[in-house]
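Notes follow once the structure below has been shown.
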Amino acid sequence: MGRLARLLIGVAATMALAAGMATVPTEAHKPITSQYTYNEHVFPIFRDQCGACHVDGGVAPMSLLTYKDARPWAESIREELMGERMPPHYVDNAGGPAIIINGGTSRPLTAREIDTIIVWATGGTPEGDAAKRPAPVATRLDWPAGRPNLILRMSAAYVVAAGRQEDTHEFEIATGLTQTRFVRAADVLPGTPSMVRDATIAIENGPVLAAWVPGDSSALLPGAPAGTAYRLDAGAKLLLRIHYKKSWRDERTARADRTSVGLYFTEAPAPGRTIQPVSVDQAGRVVSNAITVLAIRPQLDRPYASVDVHARTPAGLRVPLLQLRAPRPEWPRRYWLERPADLPAGSRIEITALPAPPDPDRPAPPASSTGLMISLDAVQP
């Protein structure tokens with residue numbers, strides 16, 4: 001059990017004891033022992049850290065952006081925080097290099113924010129002063145980084161049938177380009193946000209342009225750092241792989257989606273600065289040429305207790321690249337290094353991974369699973 005989990009259990013136990021000793025609880029509600037209220041203290045955290053998913057029309061099963069919606073889920077929220085399952089921020093910066101997620105806007109909850117939510121959830125979930133009631137928050141279908149240079153929409157709507165909660169499908173999208181262009185970033189605009197769980201944009205027979213999950217705008221990532229880009233040839237096609245997951249409210253209803261892809265172009269990079277993928281499995285890989293690693297995209301086949309990606313240079317120097325704590329495959333992110341890592345020719349990429357304990361509520365990976373894979377985005381130094 002991690003230090004954070006032990007701290008949270010202590011906080012929760014203290015608050016539970018205080019709640020039990022304070023007053024006799026009413027039939028309708030726990031006694032109010034929390035000094036924090038939803039309107040003044042909890043809502044700003046939910047809005048800024050959870051609102052991309054937990055909003056009406058969002059992919060999460062419930063909204064947290066009104067007191068009426070959030071209060072019934074207080075116990076579940078407490079359990080998710082104590083289990084370190086939410087928010088899904090798996091980077092362990094203490095054990096590896098600095099990582100940029102969502103252009104630097106994505107971050108884990110602070111100890112103070114966690115304490116605020118736990119105390120509120122355990123201490124009677126008070127609503128607070130109505131005069132401080134926040135304004136409603138609505139889902140906006142827009143491009144967070146501004147209008148892309150090229151917008152490509154699925155040729156037709158895709159329907160997830162009634163009675164089917166999850167589905168994964170790959171769509172082929174023609175770019176219609178008549179000349180080679182260079183892509184610095186790509187993003188996804190879901191047609192039906194409530195069921196687009198994650199998406200991957202790749203060039204056919206080429207690199208992945210973006211790994212998208214709700215709340216992480218791919219275009220806000222550094223994507224291609226200055227002077228680097230992905231090459232997109234004339235006539236190229238994109239492969240858009242979408243994982244759909246309906247909420248329990250929509251499981252018995254057929255729902256249609258027609259998602260759009262946005263591409264942001266840049267000038268042609270200098271020779272050797274076109275981004276290329278480097279695939280690595282758990283056996284490791286030696287790179288024959290010198291490379292500069294810009295980003296790492298784990299492809300998880302199951303939950304892991306920890307994942308450590310590093311390089312070993314011919315001189316024996318260990319170069320940390322990425323360290324994750326308790327990552328889960330339902331959040332398939334690409335992690336960009338704040339400082340790209342230069343590796344000399346002959347360096348060996350190594351992966352150390354510890355699988356999570358078995359979970360009876362989660363099916364085992366299929367026998368055909370290829371195991372943990374890592375894709376590096378790299379250029380020539």
Response to the item:
Across all chains, not counting sequence neighbours, the side chain to side chain contact (heavy atoms under 4.5 Å, CB included) partners of Thr292 are Leu294, Pro340, Asp342, Val379, Pro381
Fill in: Residue pairs passing the salt bridge (charged side-chain N to carboxylate O under 4.0 Å, His left out) test where at least one lies in residues 145-162, sequence neighbours excluded
none
Worksheet entry | Partners passing salt bridge (Lys or Arg N to Asp or Glu O under 4.0 Å) against Glu80 (at least two apart in sequence or in another chain) | Arg85
Worksheet item: Which pairs with one or both residues in residues 226-243 pass salt bridge (charged side-chain N to carboxylate O under 4.0 Å, His left out), sequence neighbours excluded?
Response: Glu172-Lys237, Arg231-Asp233
Worksheet item: Mind checking what makes side chain to side chain contact (heavy atoms under 4.5 Å, CB included) contact with Pro207, not counting sequence neighbours?
Response: Ile203, Tyr230, Pro277
Worksheet item: Quick one: ring-ring contact (aromatic ring centres under 6.0 Å, His included) pairs with a partner in residues 184-208, sequence neighbours left out?
Response: none
Worksheet entry | Sequence neighbours excluded, every pair satisfying salt bridge (charged side-chain N to carboxylate O under 4.0 Å, His left out) that has a member inside residues 264-277 | none
Item to complete: State which residues pass side chain to side chain contact (heavy atoms under 4.5 Å, CB included) with Arg255; sequence neighbours excluded, sorted by chain then number.
Response: Thr192, Ser194, Met195, Lys246, Asp250, Thr253
Worksheet entry | Qualifying ring-ring contact (aromatic ring centres under 6.0 Å, His included) pairs with a residue from residues 233-258, counting only residues at least two apart or across chains | Tyr158-Tyr244
Response to the item:
Applying side chain to side chain contact (heavy atoms under 4.5 Å, CB included) to Ala202 and not counting sequence neighbours gives Val208
Practice prompt. Decide, yes or no, whether a salt bridge links Arg112 with Asp115 under the criterion of side-chain N to carboxylate O below 4.0 Å.
Written response: no
Practice prompt. Applying side chain to side chain donor-acceptor pair (under 3.5 Å), name anything that partners Thr66, two or more places apart in sequence or on another chain.
Written response: Asp69
Worksheet entry | Pro332 versus Val213, closest heavy-atom pair with distance | CD-CG1, 3.6 Å
Worksheet entry | Minimum-distance pair of heavy atoms, taken over all atoms of Pro214 and Trp331 | O-CZ3, 4.1 Å
Worksheet item: Taking only residues two or more places apart in sequence or in another chain, which ones pass side chain to side chain donor-acceptor pair (under 3.5 Å) with Glu79?
Response: none
Item to complete: State plainly whether the residues Lys245 and Glu330 are in salt-bridge range, i.e. N to O under 4.0 Å.
Response: no
Worksheet item: Do the charged groups of Asp377 and Arg334 touch, with an N to O distance under 4.0 Å?
Response: yes
